[in-house]
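Notes follow the structure.
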Amino acid sequence: MRMLVVGAGSTGGYFGGRLAQAGRDVTFLLRPARAAQLTECGLQILSPHGDFALRPQFITADRISGSYDAILLTVKAFSLERALADMAPAVGAETMILPVLNGMRHVDVLTDRFGKKAAVGVYLQDCRIRG
């Protein structure tokens with residue numbers, strides 16, 4: 001499974017880094033400044049579960065060539081629109097997108113852009129109290 005991690009901050013860096021450490025096919029989608037930083041320093045994970053460093057695979061938006069099986073979306077809310085535009089070429093008919101963001105606004109934005117089928121784990125039921 002080819003996985004794209006959008007963002008390499010604390011959340012994306014940790015989970016994407018752990019997946020890469022486990023031997024999974026993980027690529028990070030980064031902005032040019034963060035790509036330069038990771039090229040120079042690599043990705044450092046400091047954790048009570050064990051520290052490690054790696055030089056992850058990464059691309060910038062202009063280098064995406066083809067779709068991914070899964071996308072882990074881990075950006076801040078104010079970066080959501082740009083992240084969706086940047087990752088759009090990586091979304092295929094069968095791509096699953098798992099957003100890991102605070103709040104709920106991103107659910108509508110994500111499903112409006114890529115459809116309900118693509119958004120994993122974001123379906124909300126009508127849970128009005130009856131009785």
Side-chain angles (χ1 to χ4, degrees):
M1 174 181 284
R2 282 178 24 132
M3 178 176 278
L4 184 67
V5 177
V6 181
S10 60
T11 303
Y14 182 80
F15 288 108
R18 288 290 185 194
L19 287 164
Q21 180 188 35
R24 303 294 184 244
D25 183 359
V26 176
T27 301
F28 289 88
L29 175 60
L30 306 173
R31 293 186 194 150
R34 183 69 168 138
Q37 184 181 35
L38 286 185
T39 298
E40 182 179 333
C41 304
L43 182 64
Q44 309 286 322
I45 305 291
L46 305 175
S47 168
H49 302 288
D51 300 346
F52 72 98
L54 72 143
R55 298 219 175 259
Q57 297 181 81
F58 64 84
I59 57 173
T60 52
D62 61 327
R63 309 288 293 206
I64 296 174
S65 61
S67 63
Y68 285 77
D69 299 306
I71 297 175
L72 180 61
L73 180 60
T74 66
V75 297
K76 301 243 188 295
F78 60 81
S79 299
L80 180 62
E81 295 291 341
R82 178 164 178 189
L84 296 182
D86 287 350
M87 71 184 222
V91 179
E94 299 299 317
T95 302
M96 297 175 291
I97 304 168
L98 177 62
V100 184
L101 287 80
N102 285 334
M104 296 305 296
R105 184 186 78 81
H106 65 277
V107 173
D108 290 335
V109 174
L110 181 63
T111 57
D112 287 349
R113 177 88 187 234
F114 299 112
K116 288 183 180 180
K117 181 182 174 195
V120 177
V122 296
Y123 178 73
L124 298 175
Q125 290 185 351
D126 179 2
C127 58
R128 285 179 257 166
I129 297 174
R130 302 180 200 282

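Quantities reported herein were computed from a predicted structural model and do not represent experimental measurements.
Within the 4.5 Å cutoff, side-chain heavy atoms of L4 are placed close to those of I59.
Each of L19, D25, D69 was compared with M3 under the side chain to side chain contact (heavy atoms under 4.5 Å, CB included) criterion, and only L19 meets it.
When every heavy atom of A8 is checked against every heavy atom of L30, the shortest pair comes out as CB-CD2, 3.4 Å. Taking both residues in full, the closest heavy atoms of A90 and I71 are given as O-CD1, 4.1 Å, listed atom of the first, atom of the second, then distance.
More than 12 heavy atoms of other residues, nucleotides or ligands lie within 6.0 Å of CZ in R18, so this atom counts as buried by the packing criterion. Counting non-hydrogen atoms of neighbouring residues, nucleotides and ligands closer than 6.0 angstrom, the CZ atom of R55 exceeds 12 such neighbours. No more than 12 heavy-atom neighbours from other residues, nucleotides or ligands sit within 6.0 angstrom of CZ on F15.
Looking at T95, its side chain does come within 3.5 Å of a backbone N or O of Y68 through a donor-acceptor pair. Under a 3.5 Å cut-off, the side chain of T74 and the backbone N or O of V6 do form a donor-acceptor pair. Looking only at distances, a side-chain donor or acceptor of R2 sits under 3.5 Å from a matching main-chain atom of S67.
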From CA spacing to verdict: side chain to side chain contact (heavy atoms under 4.5 Å, CB included), T39, F58: CA-CA 9 Å; T39 298; F58 64 84; 3.0 Å; yes
Exercise for review: Would you please test L80 and L110 for side chain to side chain contact (heavy atoms under 4.5 Å, CB included) and show each step?
Suggested key: CA-CA 9 Å; L80 180 62; L110 181 63; over 6 Å; no
field: Worked check of side chain to side chain contact (heavy atoms under 4.5 Å, CB included) between L73 and L84
entry: CA-CA 9 Å; L73 180 60; L84 296 182; 4.0 Å; yes
